[in-house]
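Just below is one structure, and these are the notes that go with it.
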Amino acid sequence: MALDVGPVDAPRLILLALLGWAAWRVIYNQYFHPLAHFPGPRWAACTRLWLAYTEVYRGISLSDIRYQLHRKYGDIVRITPDELHFANPDAFGDIYNAQNKWDTDYRLYRALGMDAAALCMVKYEAAKQRKDALSPLFSRQSTMKMQNLLKTKVDSFCNALTAQHATKAASDLSLGFRCLAMDVITEICFGRSVNVTHTHNFQADLVLALEEMLPVFTLSKYSVLIIWLLRNIPRRLASYLGSPRLSSLFKFQDMLKEQIDGVFRDPAQLEESLYPTIYHQLLSPAAHKGRPLPSKLSIFDEARVLLLAGTGAVGMSLTTTVHYVLSISGAQESLRAELRAVWPDINTPPRYEVLEKLPFLTAIVREGFRLFPGATSLPRVVPPGGAVISGVHIPGGTVVGQSFTFVQHAEAVFSDAHAFIPERWLGEDAKPPEASTLAFSRGPKSCLGINLAHCEVYLVLANLFRRFEMRVDKSRPVDLTYKEHYAPSFSGEHLHVFCKPIKV
Ligand code: HEM
């Protein structure tokens, strides 16, 4: 006999079917899922909503959640129904290495709302092709060629510090480093610097707007609606919900769109540029080896990723490093003495190639990158055949990851791991240099800007410590506690430093 479903019963039936499906998913995830035997909170195994509740509603940073879970459940924790997180530092190399051509997990990468950029492409092959096209712009050779341009930006930054000191005020270096990094990345990528270093004490709206955007990425991991809004929200509403500063971000995006329209309309204008930009690379048929060139939208997404990636990590790792150097008695004097030996005349700074050979400066750079809480757990999808991670077979399709701090801050790898000890990179028992580049990840999705980041960090530290006597403003003690929103965000008191110029 046919079931007589009237118009009133249909919604009820749909609701019942949905509830039944949800109940079945919970039971399946708990008892029959291939990851059912991995330890973790019961509700985390049932539904992703547990993590959303803990991270978004309770406001606990994902990095803290992971440490708490590993303390309770051991080395491998099931953090959502289909995701495992590893505490054992050996897992890092099993997940992030050049041989693993694994896809990335769409839930994190799509959440950034820039799907058509290499970083957010979840399929290995597509991401690699795009990255290969961009890489020459950020090679070591190319970075060396751009050094004079970097030097100009660092000089402007130092002039801003000098001007601020003339008013007897401390400089907000947390923002200052990000302003400088933003000036550099916009000049290199788009041939047009935003010049935010000139903003009074570095309070640049564009930099602050990027910081305000970070928590949105934590929300968008759990909601497609927010991802949609990221692209489509009316500007007025965004500024109302967020802050008026967002308008500076919108203006910048308009500038990018205009630029992209311009190069599509008249590619010949690229020939006028003094340096190659991302447009030269992304619109070069040779760089794409005969494959179709990216669309306007795709270039726009790439540009936005570069702005984000090239600003925050450089700025925050410099903040971390300078804070620690200034917290060790005598460290800035030792560094200055080393710098003076290769830079006796203050008006004739050495090139990066000289600076990168200085042992103490190098040890400081490495230790700074190690302590910077850099990347979150970057989720990768185990291929269908499964994989062995940390000595355990993990089924295909599992999302796996390890927060970099589980290696960089692990006592088993670095003794007294939370202390800033540049000496661990010096002498006969020195740690191998590659251990300091973990912060840039490993394998096919490792950082595109590693050469540029090193060059910037060396030039900035050398200029700061050779050209200024620095003293922390103790009335405003810095707080480097961070919250994880894809990238870490330092939401506490900024690093304020009196920077007194050195004349000779
Ligand atoms: C201290 C500075 C930096 C650190 C610690 C850092 C770290 C990282 C890490 C860990 C990743 C991997 C992200 C993932 O797999 O999700 C990454 C990717 C990336 N970084 Fe950096 N980064 C830094 C500076 C820069 C700079 C200056 C640029 C500018 C060009 C840049 C551009 C990128 C891009 C475009 C990607 C995506 C690569 C891909 O699509 O596979 N980064 N970075």
Side-chain angles (χ1 to χ4, degrees), residues 92 95-96 98 100-112 114-139 142-143 146 150 153 177-178 180-190 217 277-278 281-282 298 301-321 365-366 368-380 401-405 407-408 436-461 484 486-488:
F92 189 87
I95 301 172
Y96 309 101
N100 285 356
K101 299 175 175 173
W102 298 358
D103 294 339
T104 56
D105 181 37
Y106 72 97
R107 279 165 300 201
L108 176 71
Y109 288 94
R110 293 266 157 88
L112 299 177
M114 305 171 203
D115 308 9
L119 172 72
C120 304
M121 292 177 184
V122 292
K123 291 288 169 203
Y124 164 82
E125 201 51 52
K128 180 177 182 317
Q129 286 172 8
R130 172 62 57 78
K131 199 171 174 186
D132 286 351
L134 265 177
S135 302
L137 189 62
F138 299 102
S139 65
S142 177
T143 307
M146 291 187 277
L150 287 183
K153 300 290 167 210
F177 292 142
R178 274 180 277 166
L180 171 59
M182 191 180 267
D183 281 0
V184 168
I185 198 70
T186 48
E187 180 75 59
I188 288 176
C189 290
F190 319 123
F217 299 141
T277 60
I278 58 163
Q281 284 308 123
L282 292 174
S298 189
D301 280 0
E302 210 65 77
R304 291 192 300 149
V305 161
L306 283 161
L307 178 77
L308 205 63
T311 302
V314 176
M316 286 188 285
S317 66
L318 273 167
T319 305
T320 310
T321 311
V365 170
R366 290 182 181 161
F369 282 144
R370 184 189 73 78
L371 273 178
F372 169 57
T376 58
S377 167
L378 303 169
R380 305 290 182 251
Q402 181 170 55
S403 279
F404 292 17
T405 51
V407 186
Q408 295 179 186
S436 72
T437 57
L438 287 172
F440 297 91
S441 187
R442 295 273 196 272
K445 290 200 76 75
S446 65
C447 180
L448 189 68
I450 186 169
N451 296 306
L452 176 61
H454 274 80
C455 188
E456 276 187 88
V457 166
Y458 269 93
L459 290 183
V460 172
L461 292 178
E484 179 178 319
Y486 174 68

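Owing to the predicted nature of the structure, the values given are computational and were not obtained by experimental measurement. Atoms within each ligand, like the ligands themselves, are counted from 1 in listed order. The chain is numbered in sequence order, starting from 1.
Two residues are said to be in side-chain contact when any heavy atoms from C-beta on lie closer than 4.5 Å; Leu378 and Phe404 meet this criterion. Looking only at side-chain heavy atoms (C-beta outward), Tyr486 and Tyr109 come within less than 4.5 Å of each other. Side-chain atoms of Val314 and Arg178, non-hydrogen and from C-beta on, never get closer than 4.5 Å to each other. Proximity of Leu112 to Phe217: side-chain heavy atoms (C-beta onward) are separated by under 4.5 Å at one or more points.
If you number the atoms of ligand 1 from 1 as listed, the ones under 4.0 Å from a heavy atom of Leu306 come out as 30 (C), 35 (C). The ligand atoms of ligand 1 that sit less than 4.0 angstrom from a heavy atom of Ala309 are 24 (C), 25 (C), 26 (C), 31 (C), 32 (C), 33 (C), 42 (N). Atoms of ligand 1 lying under 4.0 Å from at least one heavy atom of Ile185, given by number and element, are 29 (C), 30 (C). Listed by atom number, the atoms of ligand 1 under 4.0 Å from Ala118 heavy atoms are 40 (O). Heavy-atom contacts of Lys131 reach the following atoms of ligand 1: 38 (C), 39 (C), 41 (O) (cutoff under 4.0 Å). Counting the atoms of ligand 1 from 1 in the order shown, those under 4.0 Å from a heavy atom of Gly310 are 26 (C), 27 (C), 28 (C), 29 (C). Which parts of ligand 1 touch Ala453 is read off a 4.0 Å heavy-atom cut-off, strictly below it: atoms 2 (C), 24 (C). Less than 4.0 angstrom separates some heavy atom of Phe138 from each of these atoms of ligand 1: 30 (C).
Salt bridge Lys153/Asp183: absent, no basic N to carboxylate O contact under 4.0 Å.
The closest approach between any non-hydrogen atom of Ser317 and ligand 1 is below 4.0 Å. For His454, the heavy-atom gap to ligand 1 stays at 4.0 angstrom or more.
Summary of contacts: the protein heavy atom closest to atom 20 (N) of ligand 1 is Cys447 SG, 3.2 Å. Here the heavy atom of the protein found nearest to atom 7 (C) of ligand 1 is Ala439 O, 3.4 Å. In terms of protein heavy atoms, atom 28 (C) of ligand 1 is closest to Gly449 CA, 3.6 Å. Considering only non-hydrogen protein atoms, atom 34 (C) of ligand 1 sits nearest to Leu448 CB, 3.8 Å. For atom 15 (O) of ligand 1, the nearest non-hydrogen atom of the protein is Arg380 NH2, 2.9 Å. Among protein heavy atoms, the minimum distance from atom 12 (C) of ligand 1 is reached at Lys445 O, 3.4 Å.
Considering backbone and side-chain atoms alike, Ser441 places every N or O at 3.5 Å or more from each N or O of ligand 1. Looking at ligand 1, you'll find an N or O of Leu119 within less than 3.5 Å of one of its N or O atoms. At under 3.5 Å, not a single nitrogen or oxygen of Glu456, backbone or side chain, sits near a nitrogen or oxygen of ligand 1.
In this structure a side-chain-to-backbone donor-acceptor pair under 3.5 Å is missing from Gln402 to Ile95. With Asp105 contributing its side chain and Arg380 its backbone, the two residues share no donor-acceptor pair below 3.5 Å. A distance-only check finds no donor-acceptor pair linking the side chain of Arg304 to the backbone of Ala117 [under 3.5 Å].
Between the SG atom in Cys189 and the CG atom in Leu306 there is a gap of 4.5 Å [rounded to 0.5 Å]. Atom CZ of Phe372 is separated from atom OG of Ser436 by 14.0 Å, given to the nearest 0.5 angstrom.
Of all the heavy atoms of Lys128, none lies under 4.0 Å from any atom of ligand 1, so neither backbone nor side chain is involved. At a heavy-atom distance under 4.0 Å, only side-chain atoms of Tyr486, from C-beta outward, approach ligand 1.
Taking a 6.0 Å sphere around NZ of Lys131, one finds it holds more than 12 heavy atoms contributed by other residues, nucleotides or ligands.
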- Task: Report the C-alpha distance between Tyr96 and Leu438 in whole Å, list the side-chain angles of each, state the deciding distance to 0.1 Å, and finish with yes or no for side chain to side chain contact (heavy atoms under 4.5 Å, CB included).
- Result: CA-CA 10 Å; Tyr96 309 101; Leu438 287 172; over 6 Å; no
- When you look at Met121 and Asp115, which way does the side chain to side chain contact (heavy atoms under 4.5 Å, CB included) test go after all the steps? CA-CA 6 Å; Met121 292 177 184; Asp115 308 9; over 6 Å; no
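When each of Thr321, Leu180, Val184 is checked for a side chain to side chain contact (heavy atoms under 4.5 Å, CB included) with Val460, only Leu180 meets the rule.
Counting only non-hydrogen atoms, the option in Leu438, Val314, Thr437, Leu112 that gets closest to atom 27 (C) of ligand 1 is Val314. For the residues Tyr109, Phe404, Phe372, the heavy atom positioned nearest atom 16 (O) of ligand 1 is part of Tyr109.
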